[in-house]
Amino acid sequence: MDRNPSPPPPGRNKEEEEVAGGDCIGSTVYSKHWLFGVLSGLIQIVSPENTKSSSDDEEQQMELDEEMENEICRVWDMSMDEDVALFLQEFNAPDIFMGVLAKSKCPRLREICVGILGNMACFQEICVSISSDENLGQVLLHCLYDSDPPTLLETSRLLLTCLSQAEVASVWVERIREHPAIYDSICFIMSSSTNVDLLVKVGEVVDKLFDLDEKLMLEWVRNGASQPLDQPQEESEEQPVFRLVPCILEAAKQVRSENPEWLDVYMHILQLLTTVDDGIQAIVYCPDTGKDIWNLLFDLVCHEFCQSDDPPIILQEQKTVLASVFSVLCAIYASQTEQEYLKIEKVDLPLIDSLIRVLQNMEQCQKKPENSAESNTDETKKTDLTQDDFHLKILKDILCEFLSNIFQALTKETVAQGVKEGQLSKQKCSSAFQNLLPFYSPVVEDFIKILHEVDKALADDLEKSFPGLKVQT
């Protein structure tokens, strides 16, 4: 089905409306009696008489009766209403859904039941109740081993909802930590799925987990990172060993192929990994993955995001993903310059060009409009501007750190090439200096010294524009 059907309409005549008055769920027009009937039907589906069928009936168990599917889909739609969700909770519907998930082999039915629980978990009181049920928690985590993408998507959505509730987040983190097989399942999804919706949602779960618990992140980074010294090679090949970073890379490639704007979550996961030494090592030292990640991110900033033919305002849409991408590039660049893919001098000038272009667009975005006095009267707009300034400041700090690292590594030959090709024109150097000074004064002064040897006139012009520089030539 393309969508979940709408809930059943209320009674059409006055008599029916009067009867329905005491049958309504909360302030809604949804019928308690009708809902009881649907839930009773669910109980019948997983009753012992129906589940103890022969192997000949297994194929039939995989299918869902069309009428039952329509009705349970209506419940799925209805469960977005808080009154309905609370009524389902009161009627112990989560226990019924748990029974379905534990016994049913029908993918569509399992997907719908997890989806209803996901809707119910959007309400804090119910989320706490669902999360405190140990048995239900185990059954839901077991759904991550499912082979059905829609069920995996709804399970991931439910997990993300629970992880986003501060009161119960730690409960789910500990449960996931206690089930090492979840790591393998998530890595398998990231490395092999072509369902971009699923990849994005699984990525959001991983991102939230790592943001909540650095210890878990380190455990996952170290999983499969190296083969135990006492384990023979032939034994290690019996089962595939998933390594986190290559799986993240595969997922990012797949997501990018459909819509690069959805890459934000995977770029942020990589950024989180660079906050710990083991994470940086997993990225840089992984034989081919380090180079592949560098090439992917390099291509994104040089040919995909915030390009010269884009309007400067595009930066407002891309600021978070750009902050993550440049942060990871900066960490790789600064950590291991002996890597072959970083020794190629061709990377420096395109990166300088991209970094300065983003900084120039940032200057345009931060210019106050002429009617700013009028706009400032609106408190909401003021809050939005503050948030924008906050994210842009984070991005600027990352850009300046990366740019300073590249400037420190520039050779006389590379500077000469940059001056000739335009990446180090007076205008671009001025934009760079405006952002780097005064915090990176020594870096700028060393750059000017090299520039004096390459193009003395340009160096002199820049020194006149920035009289605070103390360059000794």
Side-chain angles (χ1 to χ4, degrees), residues 291 294-312 314-315 318-319 321-323 325-334 337 339-365 392 395-437 439-466 469 471 473:
K291 180 179 180 180
W294 173 269
N295 288 340
L296 171 65
L297 304 191
F298 181 86
D299 193 49
L300 286 173
V301 298
C302 292
H303 304 110
E304 191 86 55
F305 294 132
C306 203
Q307 295 302 291
S308 56
D309 55 349
D310 289 330
I314 195 74
L315 188 60
Q318 300 176 352
K319 58 185 175 239
V321 68
L322 280 170
V325 172
F326 278 120
S327 179
V328 177
L329 284 171
C330 182
I332 299 175
Y333 190 91
T337 53
Q339 295 297 318
E340 287 299 323
Y341 54 90
L342 295 177
K343 285 184 177 179
I344 305 172
E345 292 186 350
K346 290 181 181 178
V347 305
D348 287 337
L349 293 176
L351 283 174
I352 288 174
D353 202 40
S354 296
L355 287 161
I356 294 176
R357 182 170 59 250
V358 176
L359 287 169
Q360 289 174 330
N361 283 352
M362 190 178 297
E363 291 169 11
Q364 292 295 319
C365 289
L392 288 174
L395 176 57
K396 179 180 176 180
D397 290 345
I398 293 169
L399 295 172
C400 289
E401 181 184 355
F402 194 11
L403 191 57
S404 71
N405 288 344
I406 296 176
F407 268 30
Q408 290 179 73
L410 289 177
T411 63
K412 180 179 176 181
E413 292 73 22
T414 306
V415 171
Q417 183 182 351
V419 171
K420 180 180 178 181
E421 296 179 357
Q423 294 95 339
L424 294 173
S425 65
K426 180 181 178 181
Q427 181 188 14
K428 291 183 178 180
C429 285
S430 295
S431 294
F433 291 3
Q434 285 171 6
N435 288 281
L436 290 174
L437 295 172
F439 298 108
Y440 295 96
S441 294
V443 174
V444 174
E445 289 164 3
D446 288 343
F447 171 77
I448 288 287
K449 289 178 186 177
I450 299 176
L451 190 59
H452 264 288
E453 301 178 32
V454 172
D455 190 327
K456 189 175 183 303
L458 176 57
D460 289 340
D461 281 348
L462 289 169
E463 284 188 85
K464 289 177 184 177
S465 300
F466 297 90
L469 289 173
V471 182
T473 56

Closest approach of Cys429 to Leu462 (non-hydrogen atoms, all atoms of both residues): CB-CD1, 3.8 Å
Which residues share a side-chain contact (heavy atoms from CB on, under 4.5 Å) with Asp397, sequence neighbours left out: Lys393
Interatomic spacing from OG in Ser354 to CD in Glu304 - rounded to 0.5 Å: 12.0 Å
Leu315 to Cys306 - nearest heavy-atom pair and separation: CD1-SG, 4.2 Å
Plane angle bin for Phe407 and Phe447 - parallel if under 30°, tilted between 30 and 60°, otherwise perpendicular: parallel
OH on Tyr333 to CD1 on Ile406, rounded to 0.5 Å: 5.0 Å
Glu401: side-chain contact (heavy atoms from CB on, under 4.5 Å) partners, not counting sequence neighbours: Cys330, Asn405, Tyr440
Gap between atom CD of Gln318 and atom CG of Leu395 - 0.5 Å precision: 10.5 Å
Criterion side chain to side chain contact (heavy atoms under 4.5 Å, CB included) against Leu424, the qualifying member of Val419, Thr414, Asp455, Leu451: Val419
Interatomic spacing from CZ in Phe466 to OG in Ser441 - rounded to 0.5 Å: 11.0 Å
His452 vs Glu463 side-chain heavy atoms within contact, under 4.5 Å: yes
Beyond-backbone contact of Asn361 with Val358, side-chain heavy atoms, under 4.5 angstrom: no
Spatial distance of atom CD (Glu445) from atom CG (Leu436) [nearest 0.5 Å]: 12.0 Å
Pairwise salt bridge (Lys or Arg N to Asp or Glu O under 4.0 Å) hits with a residue in residues 352-364, at least two apart: Asp353-Arg357, Asp353-Lys428
Closest heavy-atom pair and its distance - Gln307, Cys302: OE1-O, 2.9 Å
Met362 side chain reached by Lys319 side chain, heavy atoms, under 4.5 Å: no
Close side-chain approach of Phe402 and Leu351, heavy atoms under 4.5 Å: yes
Side chain to side chain, Leu410 and Ile352, heavy atoms closer than 4.5 Å: yes
Under 3.5 Å donor-acceptor, Gln408 side chain and Ser404 backbone: yes
Sub-4.5 Å side-chain heavy-atom contact between Leu322 and Leu399: no
Within-4.5 Å side-chain heavy-atom neighbours: Val444 and Leu437: yes
Flag side-chain contact, heavy atom, 4.5 Å: Ser431 against Ile356: yes
Smallest separation among heavy atoms of Leu403 and Ala432, with atom names: CD2-CB, 3.8 Å
Rounded distance [0.5 Å steps], SG in Cys400 versus CD in Gln434: 11.0 Å
